[in-house]
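First up is the structure itself, then whatever we jot down about it.
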There are 2 protein chains.
Amino acid sequence: MKATDAEQLALEERAAILKALAHPSRLMVVDELSRGERCVCELTELVGADMSTVSKHLSVLRDAGIVDHDKRGVKVFYRLRVPCVLNFFTCIEAIRKEKGRRALIADKER
Amino acid sequence: MKATDAEQLALEERAAILKALAHPSRLMVVDELSRGERCVCELTELVGADMSTVSKHLSVLRDAGIVDHDKRGVKVFYRLRVPCVLNFFTCIEAIRKEKGRRALIADKER
DNA sequence: GGATTACTTGGTATAATCGCCAAGTATAAG
DNA sequence: CTTATACTTGGCGATTATACCAAGTAATCC
């Protein structure tokens, strides 16, 4: 059975959301924001990259609908808009552990 | 606070797992595999791309530890190794709906 | 053995992503 | 009004991803 145009679009949108999360720096940001809102300067410190780089990462998360932001004074504060993304981490850790276990077994068989 | 090397590695591994899922065709495959194992030929039909392309997508999912495979006769069957990835979809749909709602509000304000 | 089916892998062209620098905007402070 | 701080955006080179074709392997059939 082939996918319809609407189904294809839905798949692309879902993939875009996952892609937005699929970067070490962006994961670091999401994790930090799970503990409360942060300004770009704080996140820049944390990530350890150029502020322009971090700003672009944040725009990716924004476009995906994962974070929200507002300006107060000179600072721009970001916060998690969809806390459910944090649930991903449990499953991802399970996959990591499985992979580690499997790599070990492969080693033994050699 | 800066991240240690181990933390950085963990972030990269987590991002790699998400990246493996972050493609429309691969999401389609994962969804299909949630209903049981499938051979590459069935998945190729479903995705509607060259078999070599689908095979490479499957190798990405395999390397990420998301699917398993075994050969029986001429056919290679793939199945989900970590069903918990299916939980992602609920949250992703919530984000999609939120985005739709927000786009509507932005329209009204214009 | 020869042909067929089901995959995988290498090569390659094209497109997307990433990170920095430089330049621009906006608010606040002196 | 000038300066400084906090961001964002444009642009550029470098890396990475994606899709197809062609060629190779592996199991089955005749």
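Chain A is the first sequence line, chain B the second, and so forth, proteins listed ahead of strands; every chain is numbered from 1. These numbers were taken from a predicted model, which means no experiment stands behind them.
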Using the side-chain contact (heavy atoms from CB on, under 4.5 Å) rule, take B/Val60 and B/Arg26 through it: C-alpha gap first, then chi angles, then the decisive distance, then the call.
CA-CA 9 Å; B/Val60 170; B/Arg26 294 196 290 264; 3.9 Å; yes

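- To the nearest angstrom, P of C/dC7 lies 12 Å from CD of B/Glu37.
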Full working for side-chain contact (heavy atoms from CB on, under 4.5 Å) between A/Arg62 and A/Arg81
CA-CA 9 Å; A/Arg62 228 179 329 113; A/Arg81 195 145 93 90; over 6 Å; no

Tell me, with the steps shown, if B/Leu18 and A/Leu27 meet side-chain contact (heavy atoms from CB on, under 4.5 Å).
CA-CA 10 Å; B/Leu18 285 166; A/Leu27 279 181; 3.7 Å; yes

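- Using cut-offs of 30° and 60° for the angle between ring planes, the A/His23 and A/His57 rings count as tilted.
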Dump every N/O contact between nucleotides 16-20 of chain D and the protein below 3.5 Å, one line per pair.
| from | atom 1 | to | atom 2 | distance (Å) |
| --- | --- | --- | --- | --- |
| D/dT18 | OP2 | B/Arg26 | NH1 | 3.4 |
| D/dA19 | OP1 | B/His23 | NE2 | 3.4 |
| D/dA19 | OP2 | B/His57 | NE2 | 2.7 |
| D/dC20 | OP2 | B/Asp50 | N | 3.4 |
| D/dC20 | OP2 | B/Thr53 | OG1 | 2.9 |
| D/dC20 | N4 | B/Lys56 | NZ | 3.0 |

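- Distance, B/Leu58 CG to C/dA6 P: 16 Å, rounded to whole Å.
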Would you mind building the protein contact string for nucleotides 25-30 of chain D? One character per nucleotide, 5' to 3', B for base within reach (heavy atoms under 4.0 Å), S for sugar-phosphate only, - for untouched.
-SBS--

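- Distance, B/Glu45 CD to C/dC7 P: 12 Å, rounded to whole Å.
- We find that CG of A/Leu21 is positioned 12 Å from P of C/dC18, with the value rounded to whole Å.
- Here A/Ile66 contributes atom CD1 and B/Cys91 contributes atom SG; the two are 8.5 Å apart, rounded to the nearest 0.5 Å.
- Residues A/Ala15 and B/Ala22 come closest through the heavy atom pair O-CB, 3.8 Å.
- The CG-P distance, from A/Asp63 to C/dT17, rounds to 11 Å in whole Å.
- Shown are A/Asp70, A/Val67, A/Leu33; of these, the side chain to side chain contact (heavy atoms under 4.5 Å, CB included) with A/Arg79 is made only by A/Asp70.
- Distance, A/Met51 CE to C/dA23 C1': 16 Å, rounded to whole Å.
- Rounded to whole angstrom, the span from the CD atom of A/Glu42 across to the P atom of D/dA6 amounts to 11 Å.
- Between the P atom of C/dA15 and the CD atom of A/Glu12 lies a distance of 16 Å, rounded to the nearest Å.
- For C/dT8, one of the phosphate oxygens OP1 or OP2 lies less than 4.0 angstrom from a side-chain nitrogen or oxygen of B/Tyr78.
- Residue A/Ser25 comes nearest to A/Val47 through the heavy atom pair OG-CG1, 3.7 Å, listed as atom of the first residue, atom of the second, then distance.
- Of all non-hydrogen atoms in B/Phe88 and A/Ile92, the two that sit nearest each other are CZ-CG1, 4.0 Å.
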